[in-house]
Amino acid sequence: MTELVLSEREGALRILTLNRPGRHNAMDDAMSALFQRRLGEALEESESSAILIRAAGKSFCSGRDTNVLGHRARDESDFHFVRRHQEGRLRMQESTKPIIAALKGGAIGGGCELALAADIRVSDTTLKLALPEILYGVLPDTGGTQMMTALIGPSRTKYMVMTGRPIDAPTALEWGAVDFVVAREELDDRALEIARDIAARPPINLAMAKEMVNLMHGPTIRTGTRAELYAQSYLFKTEDYQEARAAHREKRAPSYKGK
């Protein structure tokens with residue numbers, strides 16, 4: 001059976017590789033649980049001081065697998081489901097270890113939020129970055145509205161969230177959603193170069209540096225992410241959400257009623 005998330009250590013650098021390329025690294029329940037377990041191990045181990053998250057195949061992560069949208073493996077409430085996934089993103093942001101993400105192809109929905117939760121984002125020219133949840137009758141719920149606003153500002157974030165439209169790599173770089181853009185064949189080497197450089201620094205200095213910079217937006221992001229939780233828990237109960245799901249399933253334009 002293929003391992004959905006690979007984990008390896010190179011000196012002081014822990015490398016996590018999303019490994020479901022046939023589905024553009026879309027996360028079903030099994031992959032999501034495994035990623036959180038691998039991430040937790042990486043954050044807790046003393047042997048590494050930085051983490052690189054990358055992906056096999058053409059895309060970084062296309063978000064939650066559309067085959068399991070609305071599914072709750074633990075038979076839990078929408079509130080508890082969303083809150084549990086939020087904790088994974090907040091753990092990344094608030095950890096003492098720097099996290100670098102190597103982005104390519106689709107970084108969509110939850111995949112976009114995963115990228116945003118990293119500290120540094122390296123992209124290749126194929127990137128399509130999007131928060132398309134509104135097209136499915138919901139909104140970002142694991143910090144997307146908050147993290148994106150901290151990076152690119154409120155107006156551009158509203159554009160992305162309200163239209164659901166993707167931005168390409170040059171736009172993401174210009175707006176500040178990613179930090180570096182390189183040619184497709186250079187992505188792995190450049191991301192590794194940056195990650196290795198950071199991992200070679202004193203771990204306590206890295207932890208304190210991340211902590212100090214995060215004081216600028218960190219508390220606001222945590223508070224705003226909880227607001228996403230309340231909004232999403234409500235939206236899952238609306239008629240418009242059910243209409244969006246039906247329209248997507250039936251491959252037709254939705255007819256919203258504002259209810």
Side-chain angles (χ1 to χ4, degrees), residues 3-20 25 27-56 60-61 63-64 74 80-103 107 110-122 141-144 146-147 150-151 179 188 191-226 228-229:
E3 191 80 352
L4 296 173
V5 181
L6 306 177
S7 180
E8 59 186 296
R9 186 168 61 85
E10 181 192 284
L13 177 64
R14 174 61 63 177
I15 303 171
L16 302 179
T17 305
L18 306 181
N19 192 37
R20 201 184 181 206
N25 294 306
M27 293 221 186
D28 58 11
D29 293 320
M31 185 175 180
S32 179
L34 180 58
F35 175 78
Q36 290 303 325
R37 185 162 74 250
R38 294 277 187 261
L39 175 66
E41 293 166 352
L43 293 175
E44 293 299 323
E45 68 180 357
S46 58
E47 295 83 2
S48 67
S49 54
I51 300 168
L52 171 64
I53 301 176
R54 62 186 183 183
F60 176 69
C61 177
R64 184 157 171 80
R74 300 185 182 183
H80 287 94
F81 173 83
V82 173
R83 193 179 192 282
R84 180 163 56 83
H85 283 78
Q86 285 186 348
E87 286 303 314
R89 298 289 183 265
L90 291 168
R91 180 167 57 164
M92 288 177 62
Q93 295 173 64
E94 296 171 356
S95 74
T96 59
K97 293 186 180 181
I99 300 174
I100 300 90
L103 310 181
C112 176
E113 290 173 304
L114 174 59
L116 295 175
D119 299 292
I120 296 171
R121 284 156 294 281
V122 187
D141 60 14
T142 55
Q146 305 303 301
M147 295 183 290
L151 292 172
D179 305 296
D188 287 343
L192 273 170
E193 178 187 21
I194 292 170
R196 287 167 178 159
D197 191 28
I198 291 173
R201 308 306 178 195
I204 187 64
N205 298 57
L206 293 176
M208 288 184 175
K210 180 170 176 174
E211 187 83 2
M212 287 187 292
V213 175
N214 279 358
L215 287 173
M216 180 70 179
H217 296 291
T220 300
I221 288 174
R222 172 170 274 279
T223 301
T225 298
R226 289 299 189 232
E228 290 183 351
L229 169 63

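What you are looking at is a predicted structure, and each value in this text was computed from that prediction instead of being measured.
Residues Leu116 and Arg121 share a closest heavy-atom pair of O-NH1, 3.3 Å. Gln93 and Ala117 get closest at one heavy-atom pair: CG-O, 3.9 Å. When every heavy atom of Ile100 is checked against every heavy atom of Ala118, the shortest pair comes out as C-CB, 4.4 Å. Across Ala150 and Ile221, no two heavy atoms sit closer than the pair CB-CD1, 4.3 Å. Minimum heavy-atom separation, Ala115 to Leu103: CB-CD2, 3.6 Å. The minimum heavy-atom distance between Arg38 and Val5, with the atom names listed, is NE-O, 3.5 Å.
Side-chain contact between Met31 and Leu18 is present, with heavy atoms from C-beta onward closer than 4.5 Å. A 4.5 Å side-chain heavy-atom check between Met27 and Leu114 finds at least one atom pair inside the cut-off. No side-chain heavy atom of Arg20 sits under 4.5 Å from any side-chain heavy atom of Cys61. Side-chain contact check for Ile51 versus Met92: every heavy-atom pair is 4.5 Å or farther apart.
Between atom CG of residue Leu39 and atom CG of residue Leu43 there is a gap of 4.5 Å, rounded to the nearest 0.5 Å. Rounded to the nearest 0.5 Å, atoms OG1 (Thr225) and NE2 (His85) are 14.5 Å apart. Rounded to the nearest 0.5 Å, atoms CD (Gln86) and CD (Glu228) are 6.5 Å apart. One finds the CG atom of Asp28 at 8.0 Å from the CZ atom of Arg64 (value rounded to the nearest 0.5 Å).
With hydrogens and angles disregarded, no donor-acceptor distance shorter than 3.5 Å links the side chain of Thr17 to the backbone of Asn19. Remark: the backbone N or O of Thr220 is not paired with any side-chain donor or acceptor of Thr223 at under 3.5 angstrom. Of the possible donor and acceptor atoms, one in the side chain of Asp119 sits under 3.5 Å from a partner among the backbone N and O of Ile99. Arg91 contributes a side-chain N or O that, together with a main-chain N or O of Gln36, makes up a donor-acceptor pair within less than 3.5 Å. Between the side chain of Lys97 and the backbone N or O of Ser48, at least one donor-acceptor pair lies under 3.5 Å. A side-chain donor-acceptor contact under 3.5 Å links Asn25 to the backbone of Ala56.
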Practice problem: Evaluate the criterion side chain to side chain contact (heavy atoms under 4.5 Å, CB included) for residue pair Phe60 and Ile53; output intermediate values, then yes/no. | Solution: CA-CA 9 Å; Phe60 176 69; Ile53 301 176; 3.9 Å; yes
Quiz item: Passes salt bridge (charged side-chain N to carboxylate O under 4.0 Å, His left out), Arg83 versus Asp141? Steps please.
Solution: CA-CA 9 Å; Arg83 193 179 192 282; Asp141 60 14; over 6 Å; no
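A donor and an acceptor atom, one from each side chain of Glu113 and Thr142, are located under 3.5 Å apart. No side-chain donor from either of Gln146 and Arg222 sits under 3.5 Å from a side-chain acceptor of the other.
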Which side-chain N or O atoms in residues 197-206 pair as donor and acceptor under 3.5 Å with protein atoms at least two apart or in another chain?
{"residue": "Asp197", "atom": "OD1", "partner": "Arg201", "partner atom": "NH2", "Å": "2.6"}
{"residue": "Arg201", "atom": "NE", "partner": "Asp197", "partner atom": "O", "Å": "3.3"}

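Here Arg54 pairs with Glu8 in a salt bridge; the nearest charged N to carboxylate O distance falls below 4.0 Å. At a threshold of 4.0 Å, the pair Glu44-Arg37 does not count as salt-bridged, since none of the basic side-chain nitrogens sits closer than that to a carboxylate oxygen.
Counting non-hydrogen atoms of other residues, nucleotides and ligands closer than 6.0 Å to CD of Glu47 gives a total above 12. Around the CD atom of Glu211, the shell of radius 6.0 Å holds no more than 12 heavy atoms that belong to other residues, nucleotides or ligands.
The salt bridge (charged side-chain N to carboxylate O under 4.0 Å, His left out) check on Asp179 picks up nothing, with sequence neighbours excluded.
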